[in-house]
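Contents: one structure, followed by commentary.
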Amino acid sequence: MENRMPDASLVRAEDIAQGLYPHQIEGIAFLLGRRRALLADDMGLGKTRQSIIAMVEAEAEGPYLVICPASIKRNWTREIEIVFPDAEPAIVGTAPLPPIDYRGWIIVNYELLGKNLDQLLEFDWKGVVFDEAHYLKNYQSQRSRNASKLVKEIKRDLVVHALTGTPMTSRPRDLFPLLQILDHPLGKSFFSFAKRYCEAYQGDFGLVADGASNIEELTVQLHGVMLRRTKDEVLDLPPKIRTWMDVELHPYAIEHFNRLVQNFISKFDAPEAIDGTPESVGLSSDHRNELDDSIDTTDLGTGMGRLTQVRRAIAFVKCRHTIKFVENALEQGEKVIIFTSFLNTMQRFQRHFKDRAVYVSGEVPVHERQNRVDRFQNDDDLKLFIANMHIAGVGINLTAARQIVFNDLDWVPANHWQAEDRAYRIGQTGTVNVTYMIATGTVDSFVKTVLETKAALMDSIVEGSILIPGGEATLQLDVLSELKRMMNALSVQTTELEESEIHDVLQKAGDAYLEENAAHLHEATRARLRPYSEEAIRTLAQVLTGPERSIYHAESSSQKGKFYTLEVIGVDVTCDCPGFTHRGSCRHVRPLKSALVADKPLPKGYKQVSPKK
């Protein structure tokens with residue numbers, strides 16, 4: 001008789017699946033299939049969301065620790081709050097560690113892990129996430145050792161997720177540290193792992209393990225602990241995905257920019273000099289030079305001059321965050337477009353990326369621009385196109401890229417949509433991922449609210465899924481006009497606005513704009529949700545019922561009549577032979593797992609001695 005799946009598991013699976021794509025439901029099922037797992041999906045497939053949901057499903061109460069690059073700590077906070085609106089994640093760095101009885105999410109960057117390791121070990125962690133886990137690929141580095149020490153010294157059966165978009169099977173040695181923190185049998189001995197999978201040999205200065213061998217076998221052995229889907233393999237994605245990446249600026253920089261905004265809003269016709277940077281604000285030399293380079297006092301005589309000054313300054317300070325984000329994308333083999341609007345930001349990118357990119361700005365002759373576009377489109381080794389949004393944002397084809405990054409925000413929404421469509425156009429065969437860099441705590445936050453809202457509504461109008469009075473024309477108002485409109489709606493006396501009030505006023509203006517568009521946004525969101533896959537739901541429900549367990553015997557090749565016992569839990573296979581105990585792999589486990597993964601008959605000499613449970 002066919003086993004009937006419990007109704008409670010199906011109901012729970014359907015609840016979890018709300019608003020998710022089928023590949024995300026399957027990813028959550030994978031993460032829930034074992035306590036420790038590596039999710040290696042391509043960039044842009046939503047690894048963060050899958051990890052958050054799976055973590056809390058596995059352990060309903062925290063604390064949970066997220067270790068990630070500094071540049072994406074804010075993004076983790078945003079994603080956690082989207083899934084769990086009542087959550088209050090704690091970011092270490094801007095604030096100290098919370099008390100050890102804290103039960104929420106704590107987010108720390110890799111650079112601070114060693115400094116805070118002893119304090120972190122005092123917490124009763126229920127789960128740990130290593131995001132951009134390829135940062136740990138050197139198993140001898142202090143960073144990797146700190147990560148390994150953290151998970152080894154926590155005595156409970158932790159949930160551990162390692163997330164990375166960087167494919168590693170072409171260089172197997174990079175996988176070893178991740179297998180260690182995931183407590184996978186192959187992580188027991190680097191020497192044994194390197195000999196079998198890294199084509200290792202003894203060189204003049206020690207073991208050389210830069211090669212790759214037995215890759216097909218390794219792929220089979222990683223089945224169940226590592227899941228990797230590329231964008232080409234995932235068929236349920238929309239044609240365009242926008243992400244709003246929060247970046248953190250120095251508090252003095254935020255104060256400085258908000259002072260300029262306050263001047264702009266309240267004193268349109270009263271140019272004032274900008275004071276130099278005080279020595280006492282605690283800026284590092286890098287931050288101080290960055291802020292000084294962003295300041296341009298030559299265009300403050302008009303309201304628009306002040307507005308341009310604010311936008312230019314914020315854009316420049318965001319460059320280093322954009323550079324880190326793009327370097328990560330390039331490491332994952334992506335072709336990337338960076339759009340900016342200012343000469344100083346373009347120069348900053350040129351200093352960093354040099355000849356790894358092609359550049360298109362107003363200084364490039366018209367006839368030469370197409371040559372540079374053609375190079376980017378046709379040269380597989382040229383991965384980066386950096387351009388002025390107003391020069392290269394219209395009339396050209398950049399479909400070789402599937403990653404677009406806006407370093408700065410234009411206050412005319414149509415300029416962004418036109419620039420997005422350089423890659424999202426006829427000839428594009430995959431999903432385009434568009435990332436907007438947002439300086440939190442500044443006017444960027446209000447601009448983001450308007451752009452994100454208008455973009456969602458515009459997409460739905462174009463698709464014909466919703467109707468808005470006035471249609472597209474309603475969405476063409478620029479951000480400045482919307483800001484003035486919200487100020488009027490809130491009855492803000494701009495001439496009396498104090499510098500200390502500007503952040504709260506911008507926040508209230510953003511909230512008012514969202515409230516005004518709430519009904520249309522809800523309708524647009526519902527219209528864009530796709531029905532989930534019944535197969536994905538059943539896969540998730542099966543995992544929620546608990547892993548299957550079975551026992552096999554394998555005959556010893558050297559001692560006739562002797563059998564070793566192999567236990568299969570889910571997709572994990574262990575053996576009680578001495579070889580497996582020391583090396584984490586053996587001649588008994590490899591053939592059995594290959595047969596089980598391929599759904600083939602048992603190898604000769606094997607027999608199942610207990611049914612699946």
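Note that these values count all heavy atoms, side chains included, but never hydrogens, waters or copies made by symmetry. It should be emphasised that the depicted structure is a prediction, and the values quoted were computed from it without experimental measurement.
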Under 3.5 Å, is there a donor on one side chain and an acceptor on the other for [X] and [Y]?
X	Y	value
T440	D246	no
T399	Q377	yes
Q370	D374	yes
D41	H23	no
H161	D131	no

[X] side chain near [Y] side chain, heavy-atom distance below 4.5 Å:
X	Y	result
V405	F325	yes
R422	F385	no
R229	L227	yes
V129	I52	no
V358	I386	no
L384	F353	yes
K508	M486	no
P69	K324	no

Inset, instruction - Using the ring of F316 (Phe, Tyr or Trp, six-membered ring only), decide whether R348 places NZ or CZ under 6.0 Å from its centre and within 45 degrees of its axis. - result: yes

Do you know which two heavy atoms are closest between [X] and [Y], and how far apart they sit?
X	Y	answer
H134	N328	NE2-OD1, 3.0 Å
G510	T449	O-CG2, 3.7 Å
I404	A419	CD1-O, 4.3 Å
M346	Y359	SD-CD2, 4.0 Å
W411	P413	O-CD, 3.5 Å
D444	M437	OD2-O, 3.8 Å

Within the side chain of [X], is there an N or O that forms a donor-acceptor pair under 3.5 Å with the backbone of [Y]?
X	Y	result
T442	A439	yes
K448	Y436	no
E79	W76	no
N116	L112	yes
W125	L120	yes
S141	N138	yes
D408	S341	yes
K73	V247	no
S51	K47	no
N388	I391	yes

From [X] [atom1] over to [Y] [atom2], what is the distance, rounded to the nearest 0.5 angstrom?
X	Y	atom1	atom2	value
F123	L150	CZ	CG	11.5 Å
Y110	S144	OH	OG	10.0 Å
F376	K383	CZ	NZ	9.0 Å
R320	I323	CZ	CD1	10.0 Å
I314	C319	CD1	SG	12.5 Å
I72	I107	CD1	CD1	9.5 Å

Salt bridge or not for [X] and [Y], using N-O below 4.0 Å?
X	Y	value
R311	D410	yes
E452	R78	yes
D42	R228	yes
E331	K137	yes
E327	R356	yes

Legend entry - Greater than 12 external heavy atoms within 6.0 Å of E88's CD: no

Legend entry - Heavy-atom neighbours of E368 CD exceed 12 at 6.0 Å: yes

Legend entry - F446/Q507 under side-chain contact (heavy atoms from CB on, under 4.5 Å): CA gap, chis, key distance, verdict: CA-CA 7 Å; F446 177 78; Q507 182 65 53; over 6 Å; no

Inset, instruction - For residues H416 and F339, establish whether the separation of their ring centroids is below 6.0 Å. - result: no

Inset, instruction - Check the pair M389 / Q418 against side-chain contact (heavy atoms from CB on, under 4.5 Å), numbers first and verdict last. - result: CA-CA 9 Å; M389 187 192 313; Q418 288 178 346; over 6 Å; no

Inset, instruction - Start with the C-alpha gap between L97 and E122, add the side-chain angles, then the distance that decides, and say whether side-chain contact (heavy atoms from CB on, under 4.5 Å) holds. - result: CA-CA 11 Å; L97 278 165; E122 296 176 6; over 6 Å; no

